[in-house]
Amino acid sequence: MKEYIKLIFDEASNKLDYLKEHTFNLEVSKNPDHGDLSCNVAMILSKKLKKKPLEIAAEIISSLDYDNNIISDIKIAGPGFINFYFTNQFTVKVIEDILDKGDSYGKSNLYSGKKANVEYVSANPTGPLTVGHGRNAVVGDTIANILEWVGYTVDREYYFNNAGRQMRVLGDSVKLRYLELLGEKIEFPEDYYQGEYIKDIAQKVKNKYGDSLKKEEPEGIFKQTAEKEIFEEIKTTLTNLNIHHNIFYNEKALYDEGKIDALLNSLKEKNLSYEKDNAIWLKLTELGCEQDKVIVKATGEPTYRLPDIAYHLTKFERGYDLMVDLFGSDHNATYPDVLAGIKAEGKDPEKVKVVIHQFVTIMDKGEIVKMSTRKANYITLDELTNEVGSDVVRYFFNMRNVSTHMNFDLALAKTQSDENPVFYLQYAHARICSILRMIENENIKSSTEHLELLVKDEELQLIKKLRQFGEEIELSAKLFEMNRICNYLEELASLFHKFYTFCRIIGSEKDLAEARISLAIATKTVIKNGLQILGVTAPEKM
RNA sequence: GCGCCCGUAGCUCAAUCGGAUAGAGCAACAGCCUUCUAAGCUGUAGGUUAGUGGUUCGAGUCCACUCGGGCGUACCA
């Protein structure tokens, strides 16, 4: 559709030189009175040409040569918009296209041949995933999905560190609980991991080893068992949401493979690091940041910056064209350092897209629940998924722009989950499936022979919405905004429900009924494909 | 103090990288099931887009400041 407009503009630019620059937008009109597409070129050019937008618009229109079978009218409106009205016979053709492509309708090869890496969740194995991790997990997975829809080959990566201070505390915590189980009197420090799961792990250790580990180092069997158990649980939690990473990258590998030393040497050679107070500093001020930061502490241990930079460099080595990182807003001060480091090593930081999501405020019975893994004050993601189901969790975290400070009312989610818009979409899908079951007994089937009979408002608006699906996917993928897909699907479902109410199938004249069935199937296809991207099921019955 | 994010109907949020009359859902009120699923549809009501100024054909969107909230501001990650 837009392609056609661009085509006739290209032809017209032979007559009007100023059209050659193409710095204008074509937009789908919000208001049906404004046609199908609106163009603002006349207003953009107004200043440059020192002419009134309305005059420019008139001039453009008179030099456009178009096919009357495709465009029915072109009008000037408002301050100088050029509005295009497409013919019904052209509009309905999208149904054939959708039926033809089926499950792959909406996919594009915009980025085919390119490799992308999406890194998400990346929680260290110190405890179960909480509702707070849910947003990161779901949005990351959905971004990975949509990148595949626009042609990328996608790796889904989980980066973790099983060597840091947090993990030491974890080992200490388990050992102490173990000693407690053996009957020793212990003082359990406040800054140790308070959760019940620590006791469960200690119990497992005791069952396996009895009391033989009294002198075992906390970092030995205790920590290893804890890591293994917790990771298993995390993977189960993710599986319950249909999230599967295909790469788990252990920070330790960076040390084992010499990446850390190599980076340190490289930075030193480039004179981008220096020693001060027994620590090694990165000259971030020379890389456009506010202040220099420590990369190796006086103790000899690196800070997180060094491995983070080295880690991202491995992604470049692995040949990705696009690297997406999902972080909570608590990381918003750390990633610029990493990007600066990447740039210092001669890589293009533009290939890294950092998606920062704001925190989810959990409300329960009107109270804000402050989450902390260490303090064991949390609601696990698993509990939530078991309570409301994977579809609701995935939809809920996807439906809001990641930049919003989202409120999650647990009581509402649990007791009134049928108010969730995801059911509205699924219901539309189920209704269509129901019709299709019903017509098996009637003497009607799907046909695109008489699509010209689809002339009612409810029909045409639905068709026009279907037509926007591909563009919506591409825009969502470019902007990394998954909530757009939700918004689109809700609008689509709404138009379908209106169509359903006002345009009967069974009982209508045969040619019309068959055309409407083809429209219903096309709608079903788009809803299903959209839900597929979101990782939400499309039920045949509800 | 400084940096990033946010502030839109009573509540939860949209608004096509500056577009035309700011839209949905929930809650409220009034209607629609002997016909394809009422988890639906129709209608009513609800707004100085936190505030003030600026940029221009045009601002919820961009800029400056103010107010209010979130997250940071480590030789923690």
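Throughout, a chain's letter reflects where its sequence line sits, starting with A, and its residues are numbered from 1.
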Colleague: Dot-bracket for RNA chain B, please. Rules: Watson-Crick or G-U, both distances under 3.5 Å, ( ) within the strand, [ ] when a pair crosses earlier ones, | for another strand, . otherwise.
Modeller: (((((((..((((.....[...)))).(((((.......))))).....(((((..]....))))))))))))....
Colleague: Please report the distance separating the C1' of C26(B) from the corresponding atom of U35(B), rounded so that it comes out in whole Å.
Modeller: 31 Å
Colleague: Using a cut-off of less than 4.0 Å, is there contact between a side-chain N or O of Arg516(A) and OP1 or OP2 of C36(B)?
Modeller: no
Colleague: Would you mind reading off the distance between Gln461(A) atom CD and A24(B) atom P, rounded to a whole angstrom?
Modeller: 12 Å
Colleague: Thinking salt bridges, do Lys252(A) and Asp256(A) make one under a 4.0 Å N-O criterion?
Modeller: yes
Colleague: Could you give the distance separating C2(B) and A45(B) at their P atoms, to the nearest angstrom?
Modeller: 47 Å
Colleague: When we call it a touch if two heavy atoms are under 4.0 Å apart, what does Lys52(A) touch: a base, just sugar-phosphate, or nothing?
Modeller: nothing
Colleague: If you check every side-chain atom of Glu27(A), which of U21(B), A39(B), G19(B) has the closest atom?
Modeller: G19(B)
Colleague: Assign Tyr304(A) to base, sugar-phosphate, or nothing according to its heavy-atom contacts below 4.0 angstrom with the strands shown.
Modeller: base
Colleague: How close or far is atom C1' of C76(B) from atom CZ of Arg165(A), stated in whole angstroms?
Modeller: 5 Å
Colleague: Have a look at His497(A) and say if it touches a base, only the backbone sugar-phosphate, or nothing, with a 4.0 Å heavy-atom cut-off.
Modeller: sugar-phosphate
Colleague: Between Ser329(A) (side chain) and Gln358(A) (backbone), is there a donor-acceptor pair under 3.5 Å?
Modeller: no
Colleague: Do the ring planes of Phe248(A) and Phe231(A) sit parallel (below 30°), tilted (30 to 60°) or perpendicular (above 60°)?
Modeller: perpendicular
Colleague: What integer distance in Å separates Asn401(A):CG from C13(B):C1'?
Modeller: 10 Å
Colleague: For G43(B) versus G10(B), give the span between their P atoms, rounded off to a whole number of Å.
Modeller: 22 Å
Colleague: I want to verify the glycosidic state of C5(B); is it syn or anti under the 90° rule?
Modeller: anti
Colleague: Using a cut-off of 4.0 Å on non-hydrogen atoms, how would the nucleic acid contact of Met542(A) be classed: base, sugar-phosphate, or nothing?
Modeller: base
Colleague: Just checking Ser434(A): base, sugar-phosphate only, or nothing, at a heavy-atom cut-off of under 4.0 Å?
Modeller: base
Colleague: Could you tell me how far C11(B) sits from G3(B) if I compare only their P atoms? Round to whole Å.
Modeller: 31 Å
Colleague: If you look at every strand shown and take non-hydrogen atoms under 4.0 Å, does Tyr500(A) touch a base, only sugar-phosphate, or nothing?
Modeller: base
Colleague: Using the P atom on both, measure A28(B) against G70(B) and round to a whole Å.
Modeller: 31 Å
Colleague: For the side chain of Arg504(A), starting at C-beta, report the closest nucleotide among A20(B), C36(B), A77(B).
Modeller: C36(B)
Colleague: Looking only at the side chains, is there a donor atom on one of Ser38(A) and Ser29(A) sitting less than 3.5 Å from an acceptor on the other?
Modeller: yes
Colleague: Between Lys75(A) and Tyr85(A), is NZ or CZ placed under 6.0 angstrom from the six-membered ring centre and within 45° of the ring axis?
Modeller: yes
Colleague: Taking only the P atom of each, what is the distance from C33(B) to A50(B) in whole angstrom?
Modeller: 42 Å
Colleague: Give the nucleotide from the list A15(B), C71(B), U42(B) with an atom nearest to the side chain of Arg484(A).
Modeller: A15(B)
Colleague: Considering only atom P, compute the distance from A9(B) to G60(B) and round it to an integer number of Å.
Modeller: 15 Å
Colleague: Counting side-chain heavy atoms from CB outward, which of C41(B), G72(B), C75(B) is closest to Thr303(A)?
Modeller: C75(B)
Colleague: Counting the atoms with a prime plus P, OP1 and OP2 as sugar-phosphate, which does Pro79(A) contact under 4.0 Å by heavy atoms, base, sugar-phosphate, or nothing?
Modeller: base
Colleague: Quick check on Lys52(A): does its NZ atom have over 12 non-hydrogen neighbours (other residues, nucleotides or ligands) under 6.0 Å away?
Modeller: no
Colleague: What is the distance from CD1 of Ile356(A) to P of C71(B), rounded to the nearest Å?
Modeller: 15 Å
Colleague: Scan side-chain atoms only and decide if Tyr311(A) and Glu157(A) contain a donor-acceptor pair under the 3.5 Å cut-off.
Modeller: yes
Colleague: Separation of His331(A) atom NE2 from U73(B) atom P, in whole Å?
Modeller: 10 Å
Colleague: So that I can tick it off, tell me whether Lys51(A) and Glu55(A) are bridged by a salt bridge, with the cut-off set at under 4.0 angstrom between side-chain N and carboxylate O.
Modeller: no
Colleague: Send over the distance from Asp337(A) CG to G3(B) P, rounded to a whole Å.
Modeller: 16 Å
Colleague: If stacking means aromatic ring centre less than 5.5 angstrom from the base's six-membered ring centre, planes under 30°, is Phe81(A) stacked on A20(B)?
Modeller: yes
Colleague: Given C75(B), U42(B), U37(B), identify the nucleotide with an atom nearest to the side chain of Val294(A).
Modeller: C75(B)
Colleague: With no angle test and no hydrogens, is the base of G69(B) tied to the side chain of His405(A) by a donor-acceptor pair under 3.5 Å?
Modeller: yes
Colleague: What's Lys541(A) touching, base or sugar-phosphate or nothing? Going by heavy atoms closer than 4.0 Å.
Modeller: base
Colleague: Taking atom types as modelled and ignoring hydrogens, do the side chains of Thr334(A) and Arg305(A) form a donor-acceptor contact shorter than 3.5 angstrom?
Modeller: no
Colleague: Does Asn487(A) reach a base, just sugar-phosphate, or nothing at all? Heavy atoms under 4.0 Å.
Modeller: sugar-phosphate
Colleague: Counting only side-chain heavy atoms from C-beta out, which of U37(B), C13(B), C4(B) sits nearest to Met406(A)?
Modeller: C13(B)
Colleague: Just compare G40(B), U37(B), C76(B) and give me whichever is closest to any side-chain atom of Tyr424(A).
Modeller: G40(B)
Colleague: When rounded to the nearest Å, what value does the distance between C1' atoms of G46(B) and G51(B) take?
Modeller: 22 Å
Colleague: For the pair made of OH in Tyr335(A) and C1' in U73(B), what is the distance, rounded to whole Å?
Modeller: 14 Å
Colleague: May I ask you to verify if any side-chain N or O of Lys498(A) is less than 4.0 angstrom from the OP1 or OP2 atom of U42(B)?
Modeller: yes
Colleague: When we call it a touch if two heavy atoms are under 4.0 Å apart, what does Ala428(A) touch: a base, just sugar-phosphate, or nothing?
Modeller: nothing
Colleague: Could you tell me whether Asp511(A) and Arg516(A) have a side-chain N and a carboxylate O separated by less than 4.0 Å?
Modeller: no
Colleague: Name the closest nucleotide to the Tyr427(A) side chain, picking from C36(B), U16(B), G40(B).
Modeller: G40(B)
Colleague: Please work out if Asp292(A) contacts a base, only the sugar-phosphate, or nothing of the nucleic acid, heavy-atom cut-off 4.0 Å.
Modeller: nothing
Colleague: Once hydrogens and angles are ignored, does a donor-acceptor distance under 3.5 Å link the base of A20(B) to the side chain of Asn40(A)?
Modeller: no
Colleague: What's the closest nucleotide to the side chain of Ser403(A) if the choices are U21(B), C5(B), C36(B)?
Modeller: C5(B)
Colleague: With a 4.0 Å cut-off, would you call Glu227(A) and Lys223(A) a salt bridge?
Modeller: no
Colleague: Could you check whether Arg431(A) makes a cation-pi contact with Tyr500(A), meaning its NZ or CZ is under 6.0 Å from the centre of the six-membered ring and within 45° of the ring axis?
Modeller: yes
Colleague: Pick base, sugar-phosphate or nothing for Asp308(A), based on heavy-atom distances below 4.0 Å to the nucleic acid.
Modeller: nothing
Colleague: Under 3.5 Å, is there an N or O donor on one side and an acceptor on the other linking the side chain of Ser29(A) and the base of A20(B)?
Modeller: no
Colleague: Please tabulate, one pair per line, each protein N/O and nucleotide N/O from nucleotides 8-11 of chain B that are separated by under 3.5 Å, including the distance.
Modeller:
none

Colleague: Below 4.5 Å, heavy atoms only, C-beta onward: do Asn332(A) and Phe327(A) meet side chain to side chain?
Modeller: no
Colleague: Categorize Ala333(A) for me: base, sugar-phosphate, or nothing, with a 4.0 angstrom heavy-atom threshold over every strand shown.
Modeller: sugar-phosphate
Colleague: Looking across every strand, which nucleic acid part, if any, lies under 4.0 Å from Thr334(A) by heavy atom: base, sugar-phosphate, or nothing?
Modeller: base
Colleague: Quick check with a 6.0 Å cut-off and a 45 degree axis cone: is Arg467(A) positioned over the face of Phe86(A)'s six-membered ring?
Modeller: yes
